[in-house]
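Written below as structure tokens is the structure these notes are about.
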Amino acid sequence: MTRPSWDDYFMKITRDVGERATCVKRQVGSIIVKDHRILSSGYNGAPKGFEHCTEESCIRKQMNVPSGQRHELCRGLHAEQNAIIQAAWHGVKIQGGTLYCTFQPCVICVKMMINAGIVKLVYSGGYPDELAQEMLKESELEVIKYEMGQGQHGNKSLK
């Protein structure tokens with residue numbers, strides 16, 4: 001029997017979390033882990049109590065806003081934001097944790113992660129946000145670009 005590495009295990013769960021996303025452009029999942037325990041999860045979509053996003057209600061689609069730009073022009077929250085908010089809502093300390101995400105976080109999420117005390121980021125898909133990439137390089141976060149089946153030893157550190 002072959003057991004998955006911790007990164008493989010948590011990234012699989014992160015992808016499953018992303019299936020709950022209500023964004024019409026991209027389904028993103030995120031979890032926050034510490035000591036091999038899941039502390040919080042989040043997926044992208046409209047705030048609690050709001051109608052889910054639709055092709056007709058997507059401001060970004062209506063205005064042809066390119067991916068990775070003008071993050072404020074969106075009704076939804078990002079998966080990373082929702083994972084951090086969920087932890088705060090339930091009084092869960094995420095300082096020192098690892099954030100797993102199906103895509104590289106945007107600059108807003110990177111700033112939130114830094115101030116929330118996240119120490120490691122593991123993500124799989126790319127995202128065209130150059131400022132986020134610059135801030136990740138400048139930060140003290142350990143940043144890992146996850147590649148399926150590579151486990152903790154085959155992933156690429158972006159520092």
Side-chain angles (χ1 to χ4, degrees), residues 3-53 58 60 67-68 70-129 131-148 151-152 155-159:
R3 294 177 74 193
S5 71
W6 285 113
D7 283 350
D8 290 341
Y9 174 72
F10 289 127
M11 283 304 294
K12 181 182 184 308
I13 294 169
T14 302
R15 286 190 302 273
D16 290 343
V17 169
E19 291 181 10
R20 294 271 313 152
T22 61
C23 176
V24 296
K25 292 186 77 172
R26 182 186 309 235
Q27 288 190 306
V28 182
S30 180
I31 63 172
I32 300 173
V33 173
K34 189 172 181 181
D35 299 325
H36 298 134
R37 302 290 182 259
I38 298 171
L39 302 178
S40 181
S41 66
Y43 49 86
N44 58 330
K48 185 168 54 170
F50 280 61
E51 293 292 322
H52 294 313
C53 299
C58 181
R60 296 180 65 79
S67 187
R70 305 286 316 269
H71 304 291
E72 76 280 4
L73 294 177
C74 181
R75 299 180 72 236
L77 289 101
H78 290 184
E80 307 91 324
Q81 294 168 343
N82 276 325
I84 292 168
I85 291 166
Q86 183 187 74
W89 180 271
H90 292 286
V92 176
K93 183 178 179 180
I94 58 174
Q95 181 180 7
T98 297
L99 189 140
Y100 286 84
C101 195
T102 54
F103 289 92
Q104 176 206 300
C106 75
V107 68
I108 294 169
C109 292
V110 167
K111 292 185 285 187
M112 289 179 69
M113 291 167 50
I114 291 167
N115 277 3
I118 298 297
V119 296
K120 182 177 176 182
L121 166 65
V122 180
Y123 72 93
S124 55
Y127 188 68
D129 188 331
L131 183 54
Q133 293 168 7
E134 290 174 24
M135 291 191 78
L136 284 170
K137 287 178 185 170
E138 186 179 339
S139 77
E140 294 181 11
L141 282 169
E142 178 183 355
V143 180
I144 304 292
K145 172 84 164 85
Y146 174 80
E147 295 177 16
M148 181 64 180
Q152 292 179 331
N155 293 327
K156 301 175 190 170
S157 175
L158 300 183
K159 288 289 193 155

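As the structure is a prediction and not an experimental result, all values here were calculated from the model.
- With sequence neighbours excluded, the residues that form a salt bridge (charged side-chain N to carboxylate O under 4.0 Å, His left out) with K12 are D16.
- Annotation for D8 and P4: closest pair CB-CB, 3.9 Å, computed over non-hydrogen atoms.
- Between E142 atom CD and I118 atom CD1 the span is 13.0 Å, to the nearest 0.5 Å.
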- Message: For S124 and R15: C-alpha separation, side-chain torsions, deciding distance, then whether side-chain hydrogen bond (donor to acceptor under 3.5 Å, both in side chains) applies.
- Response: CA-CA 10 Å; S124 55; R15 286 190 302 273; 5.8 Å; no
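- A pairwise comparison of heavy atoms in M113 and L141 identifies CE-CD1, 4.1 Å as the closest pair.
- One distance of note links SG of C23 with NE2 of H78; it measures 7.5 Å at 0.5 Å rounding.
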- Query: Yes or no on side-chain contact (heavy atoms from CB on, under 4.5 Å) for Y123 and V143, after CA distance, side-chain angles and deciding distance?
  - Reply: CA-CA 8 Å; Y123 72 93; V143 180; 3.8 Å; yes
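- K25 approaches C58 most closely through the heavy-atom pair CD-SG, 4.1 Å.
- Across all non-hydrogen atoms, the minimal contact from S67 to R26 is OG-NH2, 3.0 Å.
- The side chain to side chain contact (heavy atoms under 4.5 Å, CB included) search around T22 returns H52, not counting sequence neighbours.
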Just list the side-chain donor-acceptor pairs under 3.5 Å for residues 82-97, sequence neighbours left out, or say none.
residue : atom : partner : partner atom : Å
N82     : ND2  : Y43     : O            : 2.8
Q86     : OE1  : S40     : OG           : 3.0
Q86     : OE1  : S41     : N            : 2.8

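- Here the CD1-OG1 distance, from I32 to T14, works out to 10.5 Å after rounding to the nearest 0.5 Å.
- The environment of Y9 atom OH is sparse: at most 12 non-hydrogen atoms of other residues, nucleotides or ligands sit within 6.0 angstrom.
- Taking the salt bridge (charged side-chain N to carboxylate O under 4.0 Å, His left out) definition, one finds that E72 meets it with R70, sequence neighbours left out.
- Side-chain contact check for V28 versus C101: some heavy-atom pair is nearer than 4.5 Å.
- Relative orientation of the Y100 and F10 rings is tilted, given thresholds of 30° and 60° on the angle between their planes.
- Sequence neighbours left out, not one pair with a member in residues 30-49 passes salt bridge (charged side-chain N to carboxylate O under 4.0 Å, His left out).
- Shown here for G42 and V17, the closest heavy-atom pair between the two residues is O-CG1, 3.2 Å.
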Donor-acceptor pairs under 3.5 Å, side chain of residues 102-112 to any protein atom, not counting sequence neighbours: which ones?
residue : atom : partner : partner atom : Å
T102    : OG1  : G29     : N            : 3.1
Q104    : OE1  : Q133    : NE2          : 3.2

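- Residues D129 and H71 meet the side-chain proximity criterion, which asks for heavy atoms closer than 4.5 Å.
- Between L77 and A46, the shortest heavy-atom distance links the atoms CD1-C, 4.4 Å.
- Annotation: R20, atom CZ; neighbour count of heavy atoms from other residues, nucleotides and ligands within 6.0 Å does not exceed 12.
- Using bins of under 30°, 30° to 60° and over 60° for the plane-to-plane angle, the ring pair W6/H36 lands in the parallel bin.
- Between the CD1 atom in I114 and the CG atom in L121 there is a gap of 10.0 Å [rounded to 0.5 Å].
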